[in-house]
Amino acid sequence: MRKRGSSIDEESLRRIRDSCRLISTSASTVVFTGAGVSSESGIPVFRGSGGLWERYNPALFGNLLGLAIVFAFSPGKISYFAMEAISTFLSAKPNPAHEAIARLEQAGIVKGVITQNVDNLHRKAGSSNVFEVHGNIFRARCLKCGVRSDIPKEQILEKISSGEKGSSKRRDLLRMMDRFSGRCSCGGRRRPDIVLFGEMLPRETLTGALELASRCDCIIAAGTSALVYPAASIPEYAVQNGAALIEINPNRTRLTPLSQIWISLRASTALELISKEFLSKDELDAWRI
Ligand code: APR
């Protein structure tokens, strides 16, 4: 049954109201996000129809050894995968879900964001207390000294010369990756600072995320299938430490049975409605909703 004039069913609106009540009585609300939140910015999810792993085998494209095998035997696929990823990430902009989370943080409602996404969109939207447990594609890490540094988005396309773009020659691919990540001041090669399957999560970031999750009394898990550990254990860890879980996902996941409220809406719709409850009129006017 839908409320007249609204494309949102009455049950979902009720759950939104219940979530606002829960958030308003919590001293510390944290948001945990996955690829579903960025899917509305044009970045494909990993699993499910149209997901990245439907088109690229994660056993090859999701870990270093697999990428080395593809590089050795069919470098053209690496080039295609890399150019698709670079153009998708470069063109993606924050969507209303990212903006709502940032404004709820600025209004003091949300204490921080723990994200599995590497697209930098929470920071672009204005979130400041962000824990990127799978890293950030616009940051590079030196293979020699370990120093991390930002890769300015604006310079990326300039760096990748037209000769290398789309080339399937191994030396062009190596040159393109060198230009994308640049060289460290110590002379070491750098790689994108993202976590591939089988790699350790950045210790400091994970510790900070677990600390935040253990202290919150409400955690909103938005846009995640919660299938990839250890990140996927963070919402559970919060619940074990007494937090109430609100899940925002059009599909049921393994978190749904743990959630106090399950909002089966898209993240931007649900988070925009929630933020309307907490942002003052001027804050809403300053924003576009
Ligand atoms: N709003 C909310 N949820 C959505 C939306 C949307 N608009 N669109 C899709 N979803 C949900 C899907 O129902 C699915 O449950 O988002 C989830 C996306 O799941 P995955 O593709 O598995 O993404 P994620 O949970 O972030 O994956 C975790 O797996 O491959 C690794 O490192 C990668 O960080 C990633 C990790």
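All values reported here derive from a predicted model rather than from experimental measurement. Only heavy atoms go into these numbers, but all of them, side chains included; no hydrogens, no water, no symmetry mates. Order of appearance sets the numbers: ligands from 1, and atoms from 1 within every ligand.
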For K124, I'd like to know if atom NZ has over 12 heavy atoms of other residues, nucleotides or ligands within 6.0 Å.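 No, the 6.0 Å shell around NZ holds no more than 12 heavy atoms from other groups.
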
Need the ligand 1 atom indices (1-based, order shown) with element for anything under 4.0 Å from a heavy-atom of [X].
| X | result |
| --- | --- |
| F197 | 30 (O), 31 (C) |
| N251 | 12 (C), 13 (O) |
| P250 | 2 (C), 3 (N), 4 (C) |
| E40 | 1 (N), 6 (C), 7 (N) |
| G34 | 26 (O) |
| G223 | 2 (C), 3 (N), 16 (O), 17 (C), 18 (C) |
| V228 | 29 (O), 31 (C), 36 (C) |

Give the residue, atom name and distance (to 0.1 Å) of the protein heavy atom nearest [atom].
| atom | result |
| --- | --- |
| atom 9 (C) of ligand 1 | G36 CA, 3.8 Å |
| atom 25 (O) of ligand 1 | T224 OG1, 2.7 Å |
| atom 1 (N) of ligand 1 | A267 N, 2.9 Å |
| atom 15 (O) of ligand 1 | N249 ND2, 2.9 Å |
| atom 8 (N) of ligand 1 | S39 OG, 3.5 Å |
| atom 28 (C) of ligand 1 | Q116 OE1, 3.4 Å |
| atom 27 (O) of ligand 1 | R47 NH1, 3.1 Å |
| atom 34 (O) of ligand 1 | H134 ND1, 2.9 Å |

Less than 3.5 Å apart, any donor N or O on the side chain of [X] or [Y] sitting next to an acceptor on the other?
| X | Y | answer |
| --- | --- | --- |
| N136 | N120 | yes |
| N95 | S41 | yes |
| R190 | S149 | yes |
| T224 | Q116 | yes |
| S26 | T29 | yes |

So, T115 side chain and N117 main chain: donor-acceptor pair closer than 3.5 Å or not?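 Such a contact is found between T115 side chain and N117 backbone.
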
Between F89 and V118, is there a side-chain heavy-atom distance shorter than 4.5 Å?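 Contact flag for V118/F89 side chains = yes.
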
Under 4.5 Å between side-chain heavy atoms, hopping through other hydrophobics if needed: is there a path connecting V31 to L258?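 Not linked; separate clusters.
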
Nitrogen or oxygen atoms of [X] and ligand 1 under 3.5 Å apart:
| X | result |
| --- | --- |
| N117 | no |
| A35 | yes |
| R266 | no |
| F46 | yes |

Which word best sums up how the rings of [X] and [Y] line up, parallel for under 30°, tilted for 30 to 60°, or perpendicular for over 60°?
| X | Y | result |
| --- | --- | --- |
| F81 | Y56 | perpendicular |
| H98 | H122 | perpendicular |
| F197 | W53 | tilted |

